[in-house]
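Accompanying notes for the structure given below.
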Amino acid sequence: MVSVSYSPLDRVNASFGKALPIALRRVLESGRYILGEECERFEKNFAKFCGVNFCVGVGNGFDALKLILKSYLSLGKLKPRDYVVVPSNTFIATWLAVYEAGLLPLPAEPEENTFNLSARSLRRTLEKARERALRVGAVLTVHLYGKLSPMKSLRRVTDEFGLLLLEDAAQAHGAKTDGILAGALGDAAGFSFYPGKNLGALGDGGCITTNDEELARMARVLSNYGSKEKYKHDLLGVNSRLDEIQSAVLSVKLSTLEKDNQRRAEIASRYREKIQNPLIRLPEKEISGEHVWHIFPARSKFRDACRLHLMQCGIETLIHYPVPPYRQGAFRESFFQSIFAPFDFSLTDTLSKEEFSLPIFPQMNDEEIEAVISAANSFRVNSREEAL
Ligand SMILES: *Cc1c(COP(=O)(O)O)cnc(C)c1O
């Protein structure tokens, strides 16, 4: 029996051959490990790749989002305790970044078929916020699972309400629409280079991309102890930097990102064509390039039984995400609950109960892909379960 791991990062990184050990050794021997040439080079490469003027390397994806928000606060474009609209079904990092910046998360439901915010849902949330006199300053949309949010229609709404439009692009490196890439579609974007992401380091890493020079400058200063000049600290900054080892690794891995994303798309379309089981609902067909398939989100009303069956067939699956942020203990305080109370998150709840993710990574071989397909196709439930 072929068994398929969900995300074997040893295989992912072995696919680069000697290039990674060579890069690691180069940094080791350079004697410079923080704020050096490797980071500068990667920032330049990644800015060019995304088609933006500025890229600021930071410690991780969470910091990227937090520093974008803190920078806008410092620049006076956001005010302390402003609300920031976030998707209700995202990974909790999006929400926590808002909170850590001294702002408040205001969740909006996704659209069922795309898992992403829609203009309609955003507008509904903003209108409700207006009725309750909540001061909203920005929308932080997430390109969840690697699929781009509908940025043009979201922009029409944020323009109408006078809000910043920010991207959580942690799952969407290289996703593009009309030739414009994630990271260049909003006022600013945060990326994560967590090892399992489509562009992953060998540890933590992240960056901010933007065409806003003032923002880029502010984020760089805040990420380095609020210092423009050594030992002169004009702002209450933090320490969040992309180190030389990670930068060198990322430069190597960036060179195959497009090809890797294409391979993910091929696997996704094979799944979509060949998995035919009425008990499993597959994601919609995609416009080429708009989805980079960080995650292949399937759904089933019989999720637990389905995952158990797949596991017995040797296929590892995960859930993204089993508990929505608004139900997490972290947000149990009555203040937060009173923000959430007027909204209906029933779709978010349904998705969190039905979603499960099939293995998808560029190094998957045909035998593994076929094993996933045949295991999915052989899933059945007995009539007693079906009646539930
Ligand atoms: C991974 C991820 C983050 C956080 O990235 P880290 O590098 O782990 O801090 C933020 N948002 C989303 C949607 C993510 O998937």
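The first residue in the sequence is number 1, and the count goes up from there. As the structure lists them, so they are numbered: ligands from 1, and atoms in each ligand from 1. Only heavy atoms go into these numbers, but all of them, side chains included; no hydrogens, no water, no symmetry mates.
Both tests pass for K128 against the ring of F343: distance under 6.0 Å to the centre and angle within 45° of the axis.
Relative orientation of the F331 and Y99 rings is perpendicular, given thresholds of 30° and 60° on the angle between their planes. A tilted orientation is assigned to the rings of Y326 and F345, their planes being inclined by 30° to 60°. Between Y6 and H320, the angle of the ring planes lies from 30° to 60°, which puts this pair in the tilted group.
Scanning the protein heavy atoms around atom 9 (O) of ligand 1, the nearest turns out to be F62 N, 2.9 Å. Protein heavy atom closest to atom 13 (C) of ligand 1, with residue, atom name and distance, is D168 OD2, 3.4 Å. From the protein, the heavy atom lying nearest to atom 10 (C) of ligand 1 is A93 CB, 3.5 Å. Counting protein heavy atoms only, atom 15 (O) of ligand 1 is closest to Q171 NE2, 2.8 Å.
No hydrogens or angles considered: a donor-acceptor pair under 3.5 Å links the side chains of E109 and T348.
For F46 and F193, the ring centers sit closer than 6.0 Å to each other. A distance below 6.0 Å separates the ring centres of F340 and W95.
At least one heavy atom of K197 sits closer than 4.0 Å to an atom of ligand 1.
Atoms of ligand 1 found under 4.0 Å from any heavy atom of A170, numbered from 1 in the order shown, are 2 (C), 3 (C), 10 (C), 11 (N), 12 (C), 14 (C), 15 (O). Close approach of ligand 1 to G61 is summarised as follows: ligand atoms under 4.0 Å from at least one heavy atom of the residue are 5 (O), 6 (P), 7 (O), 9 (O). Within ligand 1, the atoms closer than 4.0 Å to a non-hydrogen atom of V142 are 13 (C), numbered from 1 in the order shown.
The shortest N/O to N/O separation between L144 and ligand 1 does not fall below 3.5 Å. Of the polar atoms of Y194, none of the N or O atoms is found under 3.5 Å from an N or O of ligand 1, judged by distance alone.
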